[in-house]
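Since the structure comes first, as structure tokens, the remarks are kept for the end.
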Number of protein chains: 2
Amino acid sequence: MLKLSTTQNRTPGFDGKRLHLLESAARVFSQVGYDGASMRRIAAEAQVSPAGIYNYVTGKEELLYWIQYHTFDSLLKGLEHSLSGVVDPQERLATAVRNHVRHFGENMHELKVCARELETLEGEAYDAVHECRRTYFEAVHQLVKELEPTGGSRLDSWIATANLFGMINWFYQWYDAGRTQVSLDDLAAQQTALFLDGYFASTSNGDDGADK
Amino acid sequence: MLKLSTTQNRTPGFDGKRLHLLESAARVFSQVGYDGASMRRIAAEAQVSPAGIYNYVTGKEELLYWIQYHTFDSLLKGLEHSLSGVVDPQERLATAVRNHVRHFGENMHELKVCARELETLEGEAYDAVHECRRTYFEAVHQLVKELEPTGGSRLDSWIATANLFGMINWFYQWYDAGRTQVSLDDLAAQQTALFLDGYFASTSNGDDGADK
DNA sequence: GAGAGATACGAACGAACGTTCGTACGTGCC
DNA sequence: GGCACGTACGAACGTTCGTTCGTATCTCTC
């Protein structure tokens, strides 16, 4: 299932137009959900006829596939890039959270679609996205495990990582509901601090786990 | 919008049958989403004809409304009940998390629908559910604020509460994906500990914030 | 047992859906 | 100029959707 559209014999502007189409689709998906979004509405958003969409994509399914795959892929790429040169384990985790939250801020629609429609795709398309997502999760999980090389927290590192993702993924539900008093970097810092030291902790813990 | 179905002149078994219908609808909604669920499938799940649904409910929208309203309402009721007699602030928060997570375990379908379809309803129906949800959030927020009566954490209590909800709401995405090595109470305890003390904290903090 | 009203369902409605088809238009190559 | 082909769109297809309608059954009341 899900034949991908061919990428040969294309006009110069093809890639750009498809990207524009994916952005429009992500915008609509994030507003009304995958099932609630009609191809006609996506077409209108992208200023194309409904039939025109099928020049760039084999169907609705592939729209979601590309949005999700591209999002997790660039999350991972961004993580690897921003981690280079950072050695302190706490600082590395803070960097990862900042990367994630910033990415959310700059691609709110795409991330929202990824968070909400995780189980919408099926078959090979689901597997491909799932593999990409798993790689990203494991990269962050590794950062968590490296926090305490001597043998560990009393908490399960996998569960703690999952809960960390809960914090940084769930925030699309409440952030920017009008009351943007806090910047994305501030938010990332608070989430890092909460994860590392809890709500209570004394501030004696070095740089308190979130700076910059 | 959303005329509620009348509740007068009903047969004795009416309430029970409607509850059964709502459970079936919640099961289908949680599997394929609100938009992806057809009335025909819900009817089949409830062993009723599609037309028969409309004896108990004015339409699809009201199904979602009752599921969400009833869920948040019983979350709040359960919270108030389980808090009675508990005085230690950390223990009160631990109790709240346990209440939430247990409720998730016992009503996985309903909670999943509440988490995923928060923005699906519109107008009065949305407002009514939103008010109920806000009350529940504020109750937990109050518990967080009472953790440190002397003046507070370095973190914003509202944001910390929102992140707490991120942890305990997001877990439907990964829990029971086959690997149920950890009980719901254990999970609640880990989430409470993570929130109160962070991933790092020394275990010297009283009962470490999660017991029972 | 006659009447009323709640409960149940098969059939059908109009609307909207994702997608396909046929046909134009534009551009580059010989 | 003529051909090939990527791009674009209006119209239409078949399907499925939420809901309504007409009617049959069941259960009380008098």
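For the numbers below, each heavy atom of this structure counts, side chains included, while hydrogens, waters and symmetry mates do not. Note that this is a predicted model, so its numbers are computed, not measured. Here is how names work: the chains are called A, B, and so on, in the same order as the sequence lines, proteins then strands, and each is numbered from 1.
The CD-P distance, from B:Gln47 to C:dA8, rounds to 13 Å in whole Å. Straight-line distance from the CZ atom of A:Phe14 to the C1' atom of D:dG6: 10 Å, rounded to whole Å. Per the geometry, CG belonging to B:Leu64 stands 15 Å off C1' belonging to D:dG18, to the nearest Å. What separates CD1 of B:Ile53 from P of C:dG10 is a distance of 13 Å, to the nearest Å. Rounded to a whole Å, the CG atom of A:Asp15 is 15 Å from the P atom of D:dG6.
Note on ring orientation: taking the six-membered ring where Trp is involved, the planes of A:Tyr136 and A:Phe72 are tilted (angle from 30° to 60°). Relative ring orientation between A:Trp174 and B:Trp158 is described as perpendicular, the plane-to-plane angle rising above 60° on a 0-90° scale split at 30° and 60°. The aromatic rings of B:Phe14 and B:Tyr56 sit parallel to each other, their planes meeting at less than 30°, with 60° as the upper class boundary.
Note on B:Arg98 versus B:Glu91: salt bridge recorded, some NZ/NE/NH1/NH2 to OD/OE distance being below 4.0 Å.
A sub-4.0 Å separation between OP1 or OP2 of C:dA8 and a side-chain N or O of B:Lys17 is present. The phosphate of C:dA6 has neither OP1 nor OP2 within less than 4.0 Å of any side-chain N or O from B:Tyr56.
Pairs passing the side chain to side chain donor-acceptor pair (under 3.5 Å) check and including a residue from residues 37-46 of chain A, sequence neighbours excluded, read A:Arg27-A:Glu45, A:Gln31-A:Arg41.
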**OP:** Do nucleotides 13-28 of chain C as a string where each nucleotide becomes B, S or -: B if the base has a protein heavy atom under 4.0 Å, S if just the sugar-phosphate does, - if no protein is that close.
**Re:** ----BBBBB-------
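Looking at residues 25-32 of chain A, you'll see that no heavy atom sits under 4.0 Å from any atom of DNA chain D.
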Show me the side-chain donor-acceptor pairs of residues 106-115 of chain B shorter than 3.5 Å, one per line, residues at least two apart or across chains.
from, atom 1, to, atom 2, distance (Å)
B:His109, ND1, B:Ser30, OG, 3.0

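Looking at residues two or more places apart in sequence or on another chain, you find a salt bridge (charged side-chain N to carboxylate O under 4.0 Å, His left out) between B:Glu131 and B:Arg134. Taking B:Phe171 as the reference, B:Phe104, B:Tyr175 meet the ring pair (Phe, Tyr, Trp, His ring centres under 6.0 Å) condition, with sequence neighbours excluded.
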